[in-house]
Structures are given as C-alpha cells and as structure tokens.
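Read the numbers this way: they start at 1 and go in the same order the structure lists the ligands and their atoms.
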Amino acid sequence: MNELPRRPLGRTGLNVSILSLGAGPLGNVYGDIDTQTGIRAVHAALEHGINFVDTSPYYGKTLSETRLGEALKGKRDQMIVATKGGRYDLAEFDFSPARLRRSVEESLTRLQTDYIDLYQLHDIEFVLRQGIIDQSLPTLEKLRAEGKIRFIGISGYPLLLLQEVAAAFPVDTILSYCHYNLFNTTLAQQLMPFARQRGMGLINASTLHMGVLTDQGAPPWHPAPDTIHATGQKVAALARDHGTTITRLALQFALQNEHISTTLVGMATEEEVAHNVALVGNPPDETLLRAVQAIIEPLKDISWQSGRPENFEPQAVPQRSV
Ligand code: NAD
C-alpha cells in the first residue's frame, strides 16, 4: 500500500488522505461507466492509500451507494465512508427527521455496513435554514448517539450559509464545492478561517470545477455560465500546448492548500486514480499556472445562484439554462 499524506479531519480524530475519492462518477453522474470499472477505481484508490470516500443517495439515484457497497465488501474497515441525506433528486429534498432516519437505514443497507463514518446534510441551501438547525442536525445527533453514524457534517454551495449554519449548530465537517480551484478561491477568505478557528474539518470538492477543468469539458447539466466553459476549453488547450493537461495543473493547484483536510476528486477509473495520486506532492508548473490564471482572471470568483434566493451568494449570477 502506498503512503499518501494524511491530515486530521477537524477534531474527529480521523486522519484522511489529502486526496480522496468522490463517488459521484460511480453513479454515472459524469457519463455511464460499467460497474466493474467503478469497483476497480475504488480498489485502486485503496491500493494507492486513499482512505476517504464521499457518496450520496442522490448520485445516480442510489446507484453510487450501491456500487460503493459492492466495492467495499470485505474492505469496509480500510475506508472512511461519508454519505449524505436530504437530497434525492434534482428537485427532491426532504430533511425531516423521519426521512433522515429512513435515509440512514437505506444507506446502511446499500453500503452493506452497520455504521456510517460521516453523515452529511446534502445541499442545505435548498430548504429553510431554521429547519436544518432546529430539526435536521439534532436528528443526526440522535442517530450518532444510537451508533448509526459517527460524525456529522453539512454540504452545499453558498459559503456564507454553510458558515452561519455551522455557527448556529456546531458540526464536525463542512463540505464545500467549486469554491477552491483555478476558477474560484473564495473559500480561502470566507469559510476556511472560520473552520480552522472552530476546529471543523474542511472538505474541498470539485477542484476540476465539476469537469470544466478537463479536456473533455463539463457535462450539460453544469450550472456555470457559457463563458466559463469556453474559458475552460481555452486553458485546456494552453496546457496541451505545454505538453501537459489542465486537469493536472488544476489538481496540483488545489492540493497545495494545507488548511483543507481533504480534496475530493470524482474519479471514474483506476487510470484516473493512478494519474491523480501521482500528482500529490508535486507543485504546479509556475509559468503555466500564471498564464492560465491570467486567462481566467476576468471570470475569477464568479458564483452562480443555488437554492433558495435568501441563501444566494452576493453577486451570484443565474445558472445557465440547459
Ligand atoms: P470534479 O471536479 O472532481 O470532476 C470530476 C470529473 O473529472 C469526472 O468526470 C472525472 O471522471 C474527471 N476526472 C477526474 N480525474 C481525471 C483525470 N485525471 N483526467 C481526466 N478526467 C478526470 O467533480 P465532482 O466529482 O463533482 O466532485 C468531486 C466529489 O465531491 C463528488 O464525486 C462528490 O463526492 C463530492 N461533491 C459533493 C457535493 C455536495 O455535497 N454538494 C458537490 C460537488 C461534489
């Protein structure tokens, strides 16, 4: 087994590999993959020293959890497993105590385990925050006391909301996405100092900006404005001209930040796992990084509207219509 560097996940006592496995692709979120390919990606992650995986019943309408459960048969104790509840489809949300209880039981069955290491409320910006604070998080505390889940967290897009909810009801971890990568680094100013001060684990997701920073580009459901996708393709071409890939540069950039407990990357194949693991500890090419940052600069730190209007980030732009 490889020795990937690890960092504490807040005050949980868990040490997580600084690069971790996003299981969105296991649910065919980025295009169809066959089950065996996905399972091999999970096994490759373990062999390379990745010990943290994140999934959700939302990813592929439970497919991701089911495949992950298959992949972890006989290997459950080698992986710290995070899943979520509250979001079940594009527009299906239910963070009520009864649904969360049922959701945990369903996830335990699909994941073929009797405990979940980290249980997160998925995309909390879509519902009233007071319900999250007064009902959903206390329900997770009860489930923790019952031994079904070990730690609790929240996930979502608007940084201020994540911070305000975590200030009102302390959680073990916060999962933020698309706010610390080549297109957006606002996490460093807005949530990171808070998480550090409170000792909460910070999980950074979508360092490839949900596929924008790849040669193949993002899937059609991606909410960012068209200009961001066009610029993604432009910087991808520049990286190719330099004999490398934008994915490589984007991951190297994000992995450098020491205040992030772990960087979740969606990986669909064992080749992607091997490629990405090899980047850990290798700093980005500074000349190429500066050239890419100069191209991105006019579009830097743009965020899009997500969830209920009162939870939008200031200056967030409407989502691209598909
Ligand atoms: P990402 O930015 O990690 O991009 C994933 C895409 O990049 C996939 O298509 C993958 O196949 C591809 N890719 C990965 N490595 C590659 C390589 N070396 N070469 C070419 N392509 C490569 O986006 P993501 O998967 O959405 O984010 C990572 C994980 O974070 C998710 O799987 C999920 O677990 C988590 N996440 C959570 C939330 C939330 O809770 N609200 C939101 C976003 C992401």
* Out of Q120, R150, R11, R144, which one pairs with D172 under the side chain to side chain donor-acceptor pair (under 3.5 Å) rule? -> R144

* To do: Scan for salt bridge (charged side-chain N to carboxylate O under 4.0 Å, His left out) pairs involving residues 25-45, sequence neighbours excluded, and state none if there are none.
  => R40-E270

* Answer yes or no: is there a donor N or O on one side and an acceptor on the other, between the side chain of S64 and the main chain of L26, under 3.5 Å? => no

* Determine, for E65 against K84, whether the closest basic-nitrogen to carboxylate-oxygen distance falls under 4.0 angstrom. => no

* Structure fact -> The complete set of side chain to side chain donor-acceptor pair (under 3.5 Å) pairs with one or both residues in residues 235-247, sequence neighbours excluded, reads D215-R240

* Tell me, please, which residues at least two apart from Q315 pass side-chain contact (heavy atoms from CB on, under 4.5 Å). => none

* Structure fact -> Sorted by chain and residue number, the residues having a heavy atom closer than 4.0 Å to an atom of ligand 1 are G22, A23, G24, P25, Y30, D54, Y59, K84, H122, D123, S155, L175, Y177, A205, S206, T207, L208, H209, M210, G211, T214, Q216, T247, L264, V265, G266, A268, E272, H275, N276

